Each structure stands twice: as structure tokens, then as C-alpha cells.
Trainee: 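Dumping the structure here so I can ask a few things about it.
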2 protein chains.
Amino acid sequence: MEEVASKVLSTKPTLFSYFRSSASWRVRLVLALKGIEFTYQAVNITKDGGAQQYSEDYAKMNPMNRVPALFIDGKCLGESIAIIEYLEETRPDTRKVFPSDPYLRAKARQLTEIINSGIQPLQNLEVLNKIEDELKGDRKEWAQHFIKKGMNAFEEIIKETRGKYCIGDEVSIADVCLIPQCFAAERFGVDLATFPNIKEIRDSLTGLPEFIAGDLKSQPDYVA
Amino acid sequence: MEEVASKVLSTKPTLFSYFRSSASWRVRLVLALKGIEFTYQAVNITKDGGAQQYSEDYAKMNPMNRVPALFIDGKCLGESIAIIEYLEETRPDTRKVFPSDPYLRAKARQLTEIINSGIQPLQNLEVLNKIEDELKGDRKEWAQHFIKKGMNAFEEIIKETRGKYCIGDEVSIADVCLIPQCFAAERFGVDLATFPNIKEIRDSLTGLPEFIAGDLKSQPDYVA
């Protein structure tokens, strides 16, 4: 965290990220899709009980003590969806990640929220640690329940909206949320074959250069 | 649910809502702020183990089996934040609930997501039932933990952005999310005096006619 002060003085945005964090991953994908160069600042959310994200310096940037945070245009933003909406609004000359049709925009945001508020908050590290350590529950079973429920709903909706990707043939925020969610699903033992539309779209997305650039394995803090 | 078919044929939007659902409450507030007339269709999410929201008819409208859903412009939308963004985009002549400045819009969305994805998914009925019934945990303790964490972060951010309301002196989506969250906090025994900025803003909001119209007590399905 000592490097924070120097990094945030650069003109390029600085992304505070953890390679496996699905919310960080979403923002990395959108930065790549929009071709916005940025400085990567790793925040290790698993080391020393999350000491880095709970440090006083980091809390000033993001009082939720979470990754990602994005320092951009002289200000600091938190919450992946808020960051992505900001990038879309303030960089109108870059590739759009929201469909132009209002109804399809709403569907893209509905799909986004199914993952962002419907699944991810229930499969994140802090919650699973509480389930296992405090309540002696089975973290995998807990995570699987919410992942299956959310991905079922996602699968139903994209049957109507999909083309090559979740909303027609253009990559959108829904795809950006889907990719890290698919990784998390498989990590917790959910078989994607149960969701044939999701699986097909996932397979179309993973080869795109922007999705390779944003992938967890491409990050400087990646550990196998 | 038998009435669904007839209701959705009307030209006014139909809101599928449960009086105490905080996500339904947000949409009610935005409909009131924008002066959009709508038909209220109660969905009782607590009766018969949630039979209404899990019915086949309802799942067609919202595959997440949750309230709210909004039938509008001949289509059905789910997820409160997606619905609110849609209303803002498609009703440009109504009162805005997002600030016009891009940075403040981002802060409004960040505050929104602190509640929408940071707190609400962890205090909702299904999760608390699992905590209590399956894991024999204390639902109140669980809810309090996440409510306090999220509201602490919310309080920190509004110290910078607030005026009479969360973002300056105009009511925004952040206030719309805050009001039902304050109700939930008090319901789970969290003392709002710990968050003086939140409390002051809450007290400024609750007397506004739109907030009275959207309040849980003003709904036809309200039960004390």
C-alpha cells in the first residue's frame, strides 16, 4: 500500500485489483474492451486476513474495503458496476458495453444484477468464511445453491436475448459479468453443461483478445 | 396470480410488489418521484413458502422468482436497479433520480450498490431462513454484521457528497435505496444513531410526499 500515493499521481487510471476477484475481473474486461490503458495495483485480499484491503489507506479509497477501486480523473470510485457505468458515460468514443436499445439495455442490466447482487455477494470470500468458520456449514453447498439459482434465471433470460453473446452479437456488460461468474461456478463444482446457452456464450467469449487480457491468468498477481 | 393476465393488458405499468420488500420499495419510490401512475399487484412472498413468486406464471415474468417485476411498454423487467435505470432513460421528461454530474452519478451508483449488492442480498428472507433453519445460526446477528459494514461505508461516502440528501440537495437513487435499508436496519436492531449523516438524511426524506406514497404502510398489501 506504500506505493499508492505515487501510483495515483500518474495520469493513467490505476486499478486496485485482485486477480481472482470477479468484480475486479469485470472492470479489467471493460478497460480492455474500451482500450483504456491503466496501471495495475494488486491488492491481496487473502493475505494476512485481508490486511491490505482493511488498511487505513485503502479504506480511504473504498470504505467497503473491497476490490476493485479505480482511481481515475483525479477521483476514486468503488463498486464494479458503478465504475463500468462511469467509464461508459465519460468515454463516449470507446467501444460501448451497453446495448443502444433501451429494452435491451434494461435486460443487460437485469442480467448484470442477477450476478452482481443475486449470486456474487453470496459466494464471496467473507461470506463463505463465515458460513464455514462460524456456522460450521458447507461452503461449497452454500455457494452452489445460489450459483445454480442465479444461473438458471440468467439462462432463461438469454434464451430470449442472445445471439453470439448474451445480448445479440455485441459484447455487453452481461458478458463481462458472466465470464468471472462461470469461473466461480466451476470452481465451486457447478457443471456448466446444465446451462447450454451460458456455456456456448462463454466458449465464444474466452478466445477474444480483450477477454484474454482481462483473464485472471494474465494478471501480474496471478498465482496458480 | 390469476389476475396477472388481465392486469398486464392495461396501458399503465403494473408493479409486482410486496409491501416490505426493499427492492419493491425502491421502485415504488422512483415511480412516485417520476409521477408515473401504475397498477399495484401484490405478490405475497411469505405466504405458503413463497408459492406466488415461485409460480410458473410469475417465473415467466421474473425467472429469479423475486419481487419487484415491472410490466411496462409491453415488456417485463426484473431487478430494481435495472428497472430504475430504464425508467430514467425512457421517461426523460420526468424528475431525474441520477445526478447530472458524471462523478456524482458514479457516487450515487456506488452508494446504490453498497446497499443493493453489499447489504440487501445478505439480509433477505431466503438467506436468513437458510442461516436459521439449515445452519442453526442467529439471523439477527448475521444480518446486523452486514448491515453495519455496509452502512459504515455508506456513511463515510456521504460525508463527502451529502447536502440535504445523499448527493447534494436533490433526491437521487441513493436516497431511494437508503430509505428501505434504514427500515431493515432498525428491524434487525441496528441503531441508526451510529450513523448520524444517514439518520439526518433519513429524517429529511421520510416527510416527502413521494416517500410517503412509496412507504410500506401506504401499500394495499400492508400488514402491521
Side-chain angles (χ1 to χ4, degrees), chain A residues 23 59-60 62-66 70 72-75 77-87 89-90 98 102-103 105-122 124 126-127 130-131 134-138 141-142 145-146 149-150 152-157 159, chain B residues 23 59-60 62-66 70 72-75 77-87 89-90 98 102-103 105-122 124 126-127 130-131 134-138 141-142 145-146 149-150 152-157 159:
Chain A
K60 272 182 204 152
N62 188 355
M64 275 298 265
N65 306 106
R66 284 194 182 158
L70 185 69
I72 187 167
D73 303 333
K75 310 269 190 180
L77 301 177
E79 299 296 327
S80 62
I81 306 308
I83 292 170
I84 293 168
E85 296 265 8
Y86 178 83
L87 293 172
E89 288 180 352
T90 59
F98 290 84
Y103 171 68
R105 284 169 79 86
K107 283 288 142 181
R109 288 193 177 105
Q110 182 174 354
L111 291 167
T112 293
E113 289 301 345
I114 285 173
I115 291 175
N116 179 59
S117 67
I119 309 177
Q120 204 283 328
L122 294 151
N124 82 14
E126 185 192 353
V127 168
K130 274 180 88 74
I131 293 296
E134 293 176 24
L135 298 172
K136 311 298 170 202
D138 183 330
E141 200 180 295
W142 172 276
H145 171 82
F146 293 104
K149 180 186 163 89
N152 263 323
F154 198 102
E155 175 80 5
E156 277 310 305
I157 291 170
K159 282 181 192 167
Chain B
K60 272 182 206 152
N62 187 355
M64 276 297 266
N65 306 106
R66 284 192 182 160
L70 185 70
I72 187 167
D73 302 333
K75 309 269 189 181
L77 301 177
E79 298 296 327
S80 61
I81 305 308
I83 293 170
I84 293 167
E85 296 265 7
Y86 178 84
L87 293 172
E89 288 180 353
T90 60
F98 290 85
Y103 172 67
R105 283 169 80 86
K107 284 287 142 182
R109 288 195 177 104
Q110 183 174 354
L111 290 166
T112 293
E113 288 300 345
I114 285 173
I115 291 175
N116 179 58
S117 68
I119 308 177
Q120 204 283 328
L122 294 150
N124 82 13
E126 185 192 353
V127 169
K130 274 180 88 74
I131 293 296
E134 294 176 23
L135 298 171
K136 311 300 170 201
D138 183 330
E141 201 180 293
W142 171 276
H145 171 82
F146 293 104
K149 180 185 162 90
N152 263 323
F154 198 102
E155 176 80 5
E156 278 310 305
I157 292 170
K159 281 181 191 167

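All values below were derived from every heavy atom in this structure, side-chain atoms included, with hydrogens, water molecules and symmetry-related copies excluded. Note that this is a predicted model, so its numbers are computed, not measured. Protein chains get the first letters and strands the later ones, always in sequence-line order, with residue 1 at the start of each.
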Trainee: As an exercise: rank P102(A), S80(A), G78(A) by heavy-atom pairs under 4.5 Å with chain B and give me the winner.
Mentor: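 Among P102(A), S80(A), G78(A), the one with the most close pairs to chain B is G78(A).
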
Trainee: With chain B as the partner, which of E156(A), E89(A), K136(A) has the greatest number of non-hydrogen pairs under 4.5 Å?
Mentor: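 The candidate making the most pairs under 4.5 Å is E89(A).
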
Trainee: Would you say that L77(B) contacts R109(A) through its side chain, given a criterion of any heavy-atom pair below 4.5 Å between the two side chains?
Mentor: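 L77(B) vs R109(A): side chains apart.
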
Trainee: Looking at chain A, which one of V127(B), N152(B), D73(B) has the largest number of heavy-atom pairs inside 4.5 Å, strictly under?
Mentor: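 The option with the most such pairs is V127(B).
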
Trainee: In terms of side-chain geometry, is the basic nitrogen of R66(B) or E113(A) positioned less than 4.0 Å from the acidic oxygen of its partner?
Mentor: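 Not counted as a salt bridge, because no side-chain N and carboxylate O are separated by less than 4.0 Å.
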
Trainee: Identify which part of E126(A) has an atom lying under 4.5 Å from any heavy atom of chain B, answering side chain, backbone, both or neither.
Mentor: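 For E126(A), side-chain heavy atoms alone lie under 4.5 Å from chain B.
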
Trainee: So which atom in A106(A) and which in A82(B) form the shortest heavy-atom distance, rounded to 0.1 Å?
Mentor: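 What the structure gives for the nearest pair is O-CB, 3.7 Å.
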
Trainee: Could you have a look at K60(B), Q120(B), K130(B) and say which one has the most heavy-atom pairs with chain A under 4.5 angstrom?
Mentor: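 Looking at each of K60(B), Q120(B), K130(B) in turn, K130(B) comes out on top.
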
Trainee: With a 4.5 angstrom heavy-atom cut-off, is it the side chain or the backbone of N62(B) that approaches chain A, or both, or neither?
Mentor: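 Answer is side chain: those atoms of N62(B) sit under 4.5 Å from chain A.
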
Trainee: For residues K75(A) and K107(B), determine if any side-chain heavy atom of one lies less than 4.5 Å from a side-chain heavy atom of the other.
Mentor: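 Answer no - side chains too far apart.
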
Trainee: Quick check for you: to the nearest 0.5 Å, what is the distance between E85(A) atom CD and F98(B) atom CZ?
Mentor: 7.5 Å

Trainee: How many angstroms lie between CG in N116(A) and CG in N116(B), if you round to the nearest 0.5 Å?
Mentor: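 Interatomic distance, N116(A) CG to N116(B) CG, rounded to 0.5 Å: 7.0 Å.
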
Trainee: Can you name the closest pair of heavy atoms from I157(B) and P63(A) and give their distance?
Mentor: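 Minimum heavy-atom contact is CG1-CG, 3.7 Å.
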
Trainee: Check each atom of F146(B) against the heavy atoms of chain A and say whether the ones under 4.5 Å are side chain, backbone, both or neither.
Mentor: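 Side chain of F146(B) only, per the 4.5 Å heavy-atom cut-off to chain A.
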
Trainee: Decide whether H145(A) and E134(B) meet the rule of one side-chain donor and one side-chain acceptor closer than 3.5 Å.
Mentor: no

Trainee: Under a 4.5 Å heavy-atom cutoff, which of I131(B), T112(B), L111(B) has the most pairs with chain A?
Mentor: I131(B)

Trainee: Atom OH in Y103(A), atom CD1 in I72(B): separation rounded to 0.5 Å?
Mentor: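 Y103(A) OH to I72(B) CD1: 12.5 Å, rounded to 0.5 Å.
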
Trainee: Could you report the tightest heavy-atom contact between M64(A) and G118(B), atom names first, then the distance?
Mentor: CE-CA, 4.0 Å

Trainee: For the CG atom of L122(B) and the CG atom of N124(A), what is their distance to the nearest 0.5 Å?
Mentor: 7.5 Å

Trainee: Using salt bridge (Lys or Arg N to Asp or Glu O under 4.0 Å) as the criterion, list what pairs up with D138(A), not counting sequence neighbours.
Mentor: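 Testing D138(A) for salt bridge (Lys or Arg N to Asp or Glu O under 4.0 Å), a comparison that skips the adjacent residues, returns none.
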
Trainee: Counting N and O atoms only, with roles assigned by atom type, does the side chain of Q110(A) sit under 3.5 Å from a partner on the main chain of E79(B), one being a donor and the other an acceptor?
Mentor: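 Pair absent, no side-chain N/O of Q110(A) close to backbone of E79(B).
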
Trainee: Can you tell me how far the CZ atom of R105(B) sits from the OG1 atom of T90(A), to the nearest 0.5 Å?
Mentor: 11.0 Å

